[in-house]
Amino acid sequence: MKSTTQSGPTAYYRLAVLSRVVAAVAGGYALASLSTSLLAAWLPMARADAVMTATMLAFIVFTLVVIWVFAARDAWRAWGGLLLPLLVLAGLEWCRRSAS
Amino acid sequence: MSLLGFALALVLAYGGWGALAMAMDRHYADIHGRGAEPEPALRRRMRGLGTLGIVLVFGVAVRMQGWTIGVVGGLGVLAIAGVLQVLSLTYVPARMPWVARWAAYAAAPLAILWLIESGT
Amino acid sequence: MREGFRQSMAWLHTWSGLLVCWVLMLVFAAGTASYFKEEITLWMTPELHAGASAPVSQQVALERAVAHLERNAAAAKRWFITLPTERSGAIRVGWVAQPKDGANGNARSRFKSEILDPATGQKQSAARQTRGGEFLYRLHFDLHYMPVVWARWIVSICALFMLVAIVSGIITHKRIFKDFFTFRPGKGQRSWLDAHNATAVLALPYHVMITYTGLVTLMFMIMPWGIQSAYKEQGESSFFAEVFPTGAGRNDKAGGPARLAPLGPIAQQAEAHWNGARLATIVVNDPGHENASVVITRQRTRTLSYLQPAMVFDGVTGAQSSIVGEGPSAVAVTRGALYGLHMAHFADAWLRALFFICGLSGCVMVASGALLWAVKTRQKQARALAQGAARSVGLRLVDALNIGVIAGLPIAFAAYFWANRLVPVDLPQRPQMEINCFFAAWAAAAVLAQLRPSMGMWRFQLSVGAAMLMGIPLLNGLTTHSHLGVTLFQGRGPWPVAGFDITVLLLGVALALVVRVLYRREKKQAKVPPAGKVAAARLTETA
């Protein structure tokens, strides 16, 4: 699929970019939030410490997700690589909530 | 941080960056003319001196302000010296080695004065 | 975007940077100025320049503050007393009024603060009313004219974008070591790229640090899920009580009336416990009631961590009830250190100047990035432009925003300082008037830029900015007795005031030099014969 035509980027290209942006921002925040929630509860340290550590790491998670989404070879891979950890972490979070 | 300590750190940083620049193809060519390349021996020596200079900058900074704050201060001095080095290489490249060499020479008396001032 | 890792990172870097660069420029400019906010406030209150009152002991300062509060705020819910420090000799008192008739409302809106002259204990009426450097500090994360929460979210999102931009920028900068010292002026797009790279790479540790630590200061607001998950039963407030000691000792129920214990002996107990260290803030909750408590924090020493322990005392008996934050865990110290790195509270004058310069390089980095994009885009549209077509909507918008922000912000800052000297001292709402001048000047610059985003507008606005900044020391001389002639040449100080005058002068000169370069370029272009003018126009307009 060509990404540009004579008159500029194709609609398909724009759609792919938009989907990556959504994946990066929403997915990034979701993954960062999930990781924070899980780490805060499960890190083997004093509760306040776990919360602080988990929260400080959140921004690194977010940044890595964004980098991944835009480094992936195409938008499909970007979403795929995002949805897998998202589902895993969401599952773990669900376990944590029903356990507590 | 005292003025002497800051000045010492700055000349060490400028000299250190200068030495490292001279070990780089592009800047060696800036200084000595297009196509010139430093010989391997010179390159190694410049890299060694440059690294030494950078390490000494941190040495001075840490001695003045402790490990954590000293590292921060050292990075700041390196940044400023870096800007000065960029300006030197852009506008007076042929003079840069001379200035860097004299900066390194100045480091010795400055270091002595600084050590006296800070009470060895 | 399918072209490979480095190219996709280049694309990401461009857009994550460009979309938020104008907000970031404001944040960087105001934040950099805030390194010297106390000094700026001093410059903006010239009545306090001549002979600062002799420093008083902390005990005396405390007595005076309490006396003032008992006179003026006996029925308040909470008292705040900030004792004099090295950088700021005044006593600051504040209080939160009782919420009216059950309406709990926003404590912030019920907060009132005043500055006391330590020598007399009276409200410092001599000094003109002004927000001073505090306005610039708040501006860089609370913005203005909007609820604080919105502003902090906006700034946080921009900071996240910036973090992404930094990382993608590092990845995409293939020749980061080879091009370490490279700067090739006068080559249009090349030069802008070099400037952007140099200011970014040489101060890279600073940029990464300031962005990440900025996010850390707001992290519990934008990422509350950790607290939610670990403190679900007890609720957030117990987490904050553990981590932020100054919130300790607060009680919803004030209890019946009871005399407040004298604070002097309580303060002495705290000083003794901390081996004579100076005290910073004293908070009295529910003064004059049974459940009163006194929370005392220690002055920030020259350690990296921003955390200070706090001692809590019973407000009626004066007995010590608890100590919070002493012996913090490694994680707490880490967080305190990250917070501290952002606040730079530990920095002495030299180190603060270094931070200031790094902050300025951050401003140049962001500005050169935006300008680089405009230059590159203009290059792409060069053929159409040469044939007389107008700029694309995007390019025109970016050009206008660039002028409005890069050239407009110096005008805004200068207007704030001009307003401080020119607005009548007894005007009601004086601080707000100074702030309005800041935004009015900026708005004028931004609107003019939108109307006519041309090279001529660049020269005009930069000239205005340069003139206004260079004019500040002159204005200072005409309106006060603490101008450079006195502070610097006669050596009478105060030094911060001289430093301020010199700094704005240098910044003005820097802008003036830029204007000179632009004028030279314009003249060179005017000399080119008409046939070559179109081609030359294409090239010169790019830089």
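Chain letters run A, B, ... following the sequence lines, proteins first and then strands; every chain starts at 1.
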Criterion ring-ring contact (aromatic ring centres under 6.0 Å, His included) against C:Phe356, the qualifying member of C:Phe500, C:Trp350, C:Tyr206, C:Phe36:
C:Phe36
Please check if the number of heavy atoms outside C:Arg6 that lie under 6.0 Å from its CZ is greater than 12.
yes
May I ask you to name which of C:Val201, C:Thr182, C:Leu341 has the most heavy-atom pairs under 4.5 Å with chain B?
C:Thr182
Using heavy-atom distances under 4.5 Å, tell me whether C:Phe177 contacts chain B through its side chain, its backbone, both, or neither.
backbone
Please classify the contact between C:Arg175 and chain B as side chain, backbone, both or neither, with a heavy-atom cut-off of under 4.5 Å.
side chain
What's the verdict on side-chain hydrogen bond (donor to acceptor under 3.5 Å, both in side chains) for C:Arg300 and C:Gln308, showing C-alpha distance, side-chain angles and the deciding distance?
CA-CA 7 Å; C:Arg300 299 205 154 85; C:Gln308 290 303 317; over 6 Å; no
Between B:Ile69, B:Leu78, B:Asp25, which shows the greatest number of heavy-atom pairs under 4.5 Å with chain C?
B:Ile69
Over 60° means perpendicular and under 30° means parallel, so classify the ring planes of C:Phe180 and B:Trp17, tilted if in between.
tilted
